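What follows is a single structure, written as structure tokens, with notes after it.
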Amino acid sequence: MLDNLKVIFTQDATSLQNAHYLMTKTIKTRFAPSPTGFLHIGGARTALFNWLYAQNQQGEYLLRIEDTDRERSTDGAIDAILDGLDWLGLKWDGDPVFQHQGAKRHQEIAGQLLESGHAYKCFCTAEELQEMRDTARANKQPPRYDGRWRDKSAADHPTDADFVIRFKTPKDGQTIIGDKVQGKVTFANKELDDLILLRSDGSPTYMLSVVVDDHDMGISHIIRGDDHLTNAARQTQIYNALGWKIPTFAHIPLIHGADGAKLSKRHGALGVEAYRSMGYLPEALRNYLVRLGWSHGNDEIFDTDQMVKWFSLKSIGKSPARFDFKKLKNLNGHYIKTCDDATLSQHLRRALPDFIDEDGNRVLEDMPGLMSEENWQKLSLALPGLKERAKTLVELMDNARFLFVARPLAMAEKAGKHLTDESRGYLGELLERLSHIEDWSMDTLETEVKKFTDDKELKLGKIAQPLRAALTGTPTSPGIYDVLYALGKEESLARIQDQLS
RNA sequence: GCACCCUUCGUCUAGCGGCUUAGGACUCUGCCCUUUCACGGCAGCAACACGGGUUCAAAUCCCGUAGGGUGCACCA
């Protein structure tokens with residue numbers, strides 16, 4: 001920021017104004033996942049809120065990978081997170097920041113804190129610390145570091161032992177955080193012990209790195225899960241020790257599983273890519289997620305523009321929400337229905353190879369092999385009818401199966417019931433009429449079939465059901481004219497013929 | 001154990017002292033529409049955790065109780 005300023009100072013007045021604007025007005029949010037696993041649903045919502053707030057304020061939304069724990073961070077997890085955000089449409093501004101790359105700077109700041117007397121060397125061994133915690137617990141005391149090296153002078157330090165750098169938290173008084181969601185939250189300083197800034201191998205811990213990075217990146221608003229609420233107090237103390245401006249906090253409540261407890265595999269603790277594989281649309285997931293904790297009156301369905309326009313930290317509630325697949329599904333049905341065919345096709349192609357059910361089992365495994373370009377064409381003809389009645393892409397594809405199966409069709413029991421001697425007779429006559437149709441369009445087909453039922457003085461159901469059975473082998477399907485049309489004349493006639501003998 | 005946070009229909013929530021016989025959405029049930037399924041339309045079931053205050057008036061403010069959650073690592 002300072003470097004930028006210098007450059008701008010040499011330029012004209014407009015730039016100077018811009019610089020001032022940058023210094024004081026720019027809203028910057030960040031999403032800061034740790035790459036130790038996939039991007040789960042809670043993280044996705046945190047990212048969404050950060051993204052929405054930045055959009056709403058016309059600010060920036062940055063991505064920082066918190067990989068200071070080199071042991072547990074994996075490239076696979078990083079890819080999964082980036083891919084997940086991309087799919088959800090929560091593209092970050094600029095390049096992602098990798099926290100471990102700032103280690104030097106973090107160490108420098110730790111040194112600064114040491115010099116200014118805000119931190120100290122602690123020579124405790126792991127065993128000592130464990131013992132400390134055990135005794136505390138045995139005495140029904142909170143397990144905390146007792147500060148035994150806090151006031152030791154350099155003369156008392158061993159020369160050949162490993163040490164960590166600890167932050168010297170204020171002993172008395174309280175730390176107050178003003179939170180946009182939680183309101184004013186007060187912690188007694190005696191509740192907070194001296195946290196570690198630098199490990200014995202010299203590597204910085206999360207608590208140090210976040211503060212330094214958020215400061216250096218110019219983050220104005222920290223929106224994250226409320227599991228970080230106590231961290232906010234600790235971080236506030238570090239900001240104060242450094243004399244840095246404290247960013248605005250907004251700690252959002254967590255998402256629980258359907259049973260009210262922690263998210264389990266069954267109830268949403270899945271990577272967002274799992275939702276893609278279950279056949280959910282990103283806009284549906286976004287819409288569902290934004291309503292978990294945030295509201296705009298009685299509104300339920302938002303397109304992205306509306307979300308951005310209406311989003312505010314003020315309207316975020318404080319109580320945790322439970323994850324409910326039923327509602328997600330309903331929303332998904334809505335977005336499938338309203339999605340244009342071309343986009344829907346792309347989603348289908350992308351997700352089809354990985355389709356799973358809600359238990360995570362692979363489904364429709366034979367479909368990818370079935371889907372020749374010709375079949376995708378066929379599918380696109382049937383899409384308008386198909387998307388009306390599917391709540392997930394998996395369901396949609398499953399319902400589309402009749403398009404691709406080979407003749408003669410296997411007949412489901414409930415479908416076969418419609419094929420009686422009587423109905424076969426009608427089908428035969430209808431077949432004759434259909435074979436003369438030149439213009440195989442939905443309108444013509446409808447006219448022709450209606451004419452047939454009029455002539456015969458039949459209820460439409462009398463002929464539609466047997467026809468459906470013959471054409472699809474199933475008791476349910478899209479509208480019968482949709483089916484005839486998508487199948488095409490040749491295939492339709494052949495399928496009817498198959499059932500006559 | 002200690003600290004902090006939370007508590008309106010089964011679920012997500014509206015409500016921010018009187019407009020409330022507490023509204024919407026999902027789920028469920030019934031009816032209508034109808035070529036099946038789905039959509040859609042209509043109707044119905046269903047909640048202010050409990051106990052004290054404050055006030056002319058409380059789901060809304062305060063205090064307790066109970067229940068739930070989160071945090072308390074050389075993880076992030």
Side-chain angles (χ1 to χ4, degrees), chain A residues 32-36 66-69 71-73 99 122 124-126 129-130 133 136-145 162-166 179 181-183 185-188 190-193 195-201 203 205-207 209-210 225-231 233 251 253-254 256 258 260-262 288 291-301 317-331 333-334 337 385-391 395 399 414-415 418 449 453 459-469 472 474-481:
Chain A
S34 67
T36 52
E66 312 248 288
D67 54 356
T68 50
D69 185 348
E71 297 287 305
R72 300 200 306 155
S73 301
Q99 189 158 61
C122 164
C124 283
T125 61
L129 291 171
Q130 191 52 50
R133 279 191 287 268
R137 232 184 280 272
N139 295 331
K140 303 215 167 181
Q141 293 296 309
R144 279 196 281 257
Y145 174 68
D162 282 344
F163 62 87
V164 300
I165 306 287
R166 280 186 189 270
D179 192 284
V181 172
Q182 303 291 332
V185 185
T186 306
F187 290 92
K190 65 173 164 59
E191 299 297 335
L192 279 4
D193 62 357
L195 65 275
I196 292 173
L197 261 16
L198 244 43
R199 302 187 182 94
S200 51
D201 66 357
S203 65
T205 60
Y206 160 82
M207 209 61 79
S209 299
V210 242
D226 70 8
D227 49 336
H228 281 287
L229 198 56
T230 13
N231 289 340
H251 287 92
L254 268 18
H256 293 157
K262 252 193 168 159
Y288 177 69
R291 285 289 289 110
L292 250 34
W294 177 79
S295 61
H296 183 266
N298 280 333
D299 297 315
E300 293 289 346
I301 290 179
K318 291 212 259 180
S319 49
R322 299 184 186 202
F323 192 88
D324 178 21
F325 260 114
K326 291 230 175 93
K327 191 157 183 179
L328 206 212
K329 234 182 196 169
N330 175 274
L331 239 18
H334 167 83
K337 210 181 314 163
L386 250 14
K387 68 184 187 184
E388 288 288 328
R389 44 196 120 251
K391 292 222 192 308
E395 241 177 80
N399 293 342
K414 282 185 180 171
H418 294 291
V449 174
T453 52
K459 294 255 290 184
L460 187 53
K462 263 296 206 213
I463 192 68
Q465 283 304 87
L467 189 52
R468 184 185 323 279
T472 70
T474 62
T476 66
S477 81
I480 202 66
Y481 311 115

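What's counted below: heavy atoms across the whole structure, side chains too, no hydrogens, waters or symmetry copies. Since the model is a prediction, treat every value here as computed from it, not as a measurement. Numbers restart at 1 for each chain; the letters A, B, ... are given by sequence-line order, proteins then strands.
- Proximity of A:Thr230 to the phosphate of B:C4: no side-chain N or O atom is located under 4.0 Å from OP1 or OP2.
- As a whole-Å value, the separation of A:Leu254 CG from B:G69 P is 12 Å.
- Side-chain contact between A:Ser73 and A:Pro35 is present, with heavy atoms from C-beta onward closer than 4.5 Å.
- Of all heavy-atom pairs spanning A:Gln99 and A:Asp67, the tightest one is N-OD1, 3.2 Å.
- As the counterpart of B:G40, B:C32 is assigned, both hydrogen-bonding distances of the Watson-Crick or G-U wobble pattern falling under 3.5 Å.
- The nearest whole Å value for the distance from the CZ atom in A:Arg137 to the P atom in B:G1 is 12 Å.
- Residues A:Tyr288 and A:Phe325 place their aromatic rings such that the two centres sit no closer than 6.0 Å.
- Searching all strands for a Watson-Crick or G-U wobble partner of B:C26 with both distances below 3.5 Å returns B:G10.
- In this structure, A:Asp227 places its CG atom 13 Å from C1' of B:C4, rounding to the nearest Å.
- Residues A:Arg72 and A:Lys459 each lie close to RNA chain B; by heavy-atom proximity, the contact nearer the 5' end of the strand is made by A:Lys459.
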Checking side-chain hydrogen bond (donor to acceptor under 3.5 Å, both in side chains) for the pair A:Thr36/A:Arg72: CA distance, chi angles, key distance, verdict? CA-CA 6 Å; A:Thr36 52; A:Arg72 300 200 306 155; 4.9 Å; no
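- Proximity of a side-chain donor or acceptor of A:Arg468 to a complementary backbone N or O of A:Pro478 within less than 3.5 Å is detected.
- Pairing for B:A3 is with B:U70, a Watson-Crick or G-U wobble pair whose two hydrogen-bonding atom distances lie under 3.5 Å.
- Rounded to an integer number of Å, the gap from CZ of A:Arg468 to P of B:U34 is 16 Å.
- With both ends at atom P, the span from B:C74 to B:U13 equals 35 Å, rounded to whole Å.
- Straight-line distance between the P atoms of B:A14 and B:U7: roughly 10 Å, to the nearest whole Å.
- A donor-acceptor contact under 3.5 Å links the side chain of A:Arg389 to the base of B:C37.
- At whole-Å resolution of the value, CG in A:Leu386 and P in B:A38 are 15 Å apart.
- For A:Glu388 and B:U36, the CD to P distance is 16 Å, given to the nearest whole Å.
- Here the nucleotide nearest the side chain of A:Glu191, chosen from B:U13, B:C2, B:C72, is B:C2.
- With distances taken from any side-chain atom of A:Gln99 to the nucleotides B:A76, B:C72, B:U35, the minimum falls on B:A76.
- A:His251 pairs by the ring pair (Phe, Tyr, Trp, His ring centres under 6.0 Å) definition with A:Phe249, not counting sequence neighbours.
- Distances shorter than 4.0 Å separate none of the side-chain N or O atoms of A:Ser477 from OP1 or OP2 on B:C37.
- To the nearest angstrom, P of B:C26 lies 16 Å from NZ of A:Lys329.
- If you measure from atom NE2 of A:His256 to atom C1' of B:U70, you get 8 Å, rounded to the nearest angstrom.
- Taking the P atoms as reference points, B:A3 lies 24 Å from B:C61, given to the whole Å.
- In terms of position along RNA chain B, the nucleotide closest to A:Tyr288 lies nearer the 5' end than the nucleotide closest to the other residue of the pair A:Phe163 and A:Tyr288.
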Between the protein and nucleotides 22-25 of chain B, list every N/O to N/O distance that falls short of 3.5 Å.
from: B:G23; atom 1: N2; to: A:Asn298; atom 2: OD1; distance (Å): 2.6
from: B:G24; atom 1: N2; to: A:Glu300; atom 2: OE2; distance (Å): 2.7
from: B:A25; atom 1: N3; to: A:Lys327; atom 2: NZ; distance (Å): 3.4

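- Of all heavy-atom pairs between A:Ala136 and A:Pro143, the closest is CB-CA, 4.0 Å.
- Interface remark: the A:Thr205 side chain does not form any donor-acceptor pair with the B:C74 base, using a distance-only criterion of under 3.5 Å.
- Of all nucleotides listed (B:C12, B:C72, B:U36), B:C12 comes nearest to the side chain of A:Leu292.
- With respect to A:Ile480, the side chain to side chain contact (heavy atoms under 4.5 Å, CB included) criterion is satisfied by exactly one of A:Leu467, A:Ile463, A:Leu460: A:Leu467.
- Considering only side-chain N and O atoms, A:Lys190 lies nowhere under 4.0 angstrom from the phosphate OP1 or OP2 of B:A3.
- Across all strands shown, B:C19 has no partner, as no Watson-Crick or G-U wobble contact with both distances under 3.5 Å is found.
- Neither OP1 nor OP2 of B:C26 sits under 4.0 Å from any side-chain N or O of A:Arg322.
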Could I get a table of every N or O pair under 3.5 Å where one atom is in the protein and the other is in nucleotides 5-9 of chain B?
from: B:C5; atom 1: O2'; to: A:Gln182; atom 2: OE1; distance (Å): 3.4
from: B:C6; atom 1: OP1; to: A:Lys318; atom 2: NZ; distance (Å): 2.3

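- Taking atom C1' on both B:C19 and B:C42, the two are 27 Å apart, rounded to the nearest angstrom.
- Judged by distance alone, with hydrogens and angles left aside, the side-chain atoms of A:Asn139 form no donor-acceptor pair with the main-chain N or O of A:Gln141 at under 3.5 Å.
- Across all strands shown, B:C61 pairs with B:G53; the Watson-Crick or G-U wobble distances both stay below 3.5 Å.
- On the C1' atoms, B:A59 is 13 Å away from B:C9, given to the nearest whole Å.
- Comparing the same atom, P, in B:C16 and in B:G23 gives a spacing of 14 Å after rounding to whole Å.
- A pairwise comparison of heavy atoms in A:Arg291 and A:Asp299 identifies NE-O, 3.3 Å as the closest pair.
- Looking at A:Glu395, its side chain does come within 3.5 Å of a backbone N or O of A:Lys391 through a donor-acceptor pair.
- Nucleotides B:A57 and B:C28 have their C1' atoms positioned 37 Å apart, rounded to a whole Å.
- Taking atom P on both nucleotides, B:A46 is separated from B:U34 by 32 Å, rounded to a whole Å.
- Comparing B:A76, B:C4, B:C74 by their nearest atom to the side chain of A:Phe187 picks out B:C4.
- Side chains of A:Leu129 and A:Arg133 form a contact here, defined as non-hydrogen atoms less than 4.5 Å apart.
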